[in-house]
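This report refers to the structure that appears directly beneath it.
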Amino acid sequence: ACREGPIIVPCSRIRVLDGSLPAPSNSRAEGMWNAQKTKPPFWPAHRVVNQTADTFGLRLIILRDETSDPLHGLAPLPAEFGSAIAFLVRRTLIP
């Protein structure tokens, strides 16, 4: 069902990698959401977007829950993206 239409995510839950950390990837061991509990950068539950070799654009991090806390290695999404992004599910999420 998730491949039939877009998944709308509020921009308040999306961050951009700022380049200060190595590019993360999604874990296959923890279900939909990654959780960095035992090693830095200790981000809250999240999903990496545009992390495969055949995708283009910004590497994005979708947070499961909104937070206004600063997160090491992540920057807020620029305002020009509006209030929400529609993602399509393929092998990875595609904005």
Side-chain angles (χ1 to χ4, degrees):
C2 63
R3 292 183 184 232
E4 293 175 10
I7 297 171
I8 309 297
V9 179
C11 287
S12 58
R13 290 183 35 219
I14 302 172
R15 301 291 188 274
V16 179
L17 291 171
D18 69 9
S20 67
L21 298 173
S25 60
N26 290 313
S27 169
R28 295 178 185 254
E30 298 182 35
M32 166 73 178
W33 301 105
N34 302 298
Q36 304 281 56
K37 296 178 183 174
T38 59
K39 61 181 182 174
F42 303 113
W43 296 335
H46 65 280
R47 185 83 186 161
V48 181
V49 179
N50 280 350
Q51 83 281 2
T52 61
D54 59 344
T55 56
F56 61 93
L58 298 171
R59 284 206 174 169
L60 303 175
I61 304 295
I62 297 176
L63 302 173
R64 183 182 65 198
D65 304 306
E66 283 190 40
T67 182
S68 58
D69 294 341
L71 300 172
H72 179 69
L74 301 179
L77 196 62
E80 65 212 38
F81 284 88
S83 62
I85 294 182
F87 290 90
L88 297 175
V89 178
R90 298 298 181 256
R91 278 191 20 221
T92 186
L93 289 174
I94 300 173

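Computed over heavy atoms, backbone and side chain alike; hydrogens, waters and symmetry mates excluded. In what follows, residues are counted from 1 in the order of the sequence shown.
Across every non-hydrogen atom of Ala86 and Pro6, the tightest pair is CB-CB, 3.8 Å. Annotation for Ala84 and Ile8: closest pair CB-CG2, 3.8 Å, computed over non-hydrogen atoms. Across all their heavy atoms, Arg13 and Arg64 have their closest contact at NE-O, 3.2 Å. Pairing each heavy atom of Cys11 with each of Gly82, the nearest pair is SG-O, 3.4 Å.
When each of Leu71, Asn34, Asp69 is checked for a side-chain contact (heavy atoms from CB on, under 4.5 Å) with Pro44, only Leu71 meets the rule. Only one option out of Ile61, Ile62, Leu17 pairs with Val48 in a side-chain contact (heavy atoms from CB on, under 4.5 Å); it is Ile61.
To the nearest 0.5 Å, atoms CD1 (Ile14) and NE2 (His46) are separated by 14.0 Å.
Side-chain contact between Leu21 and Trp43 is present, with heavy atoms from C-beta onward closer than 4.5 Å. At a threshold of 4.5 Å between non-hydrogen side-chain atoms, the residues Phe81 and Leu60 do not count as touching.
Looking at Arg47, its side chain never comes within 3.5 Å of a backbone N or O of Leu63 through a donor-acceptor pair.
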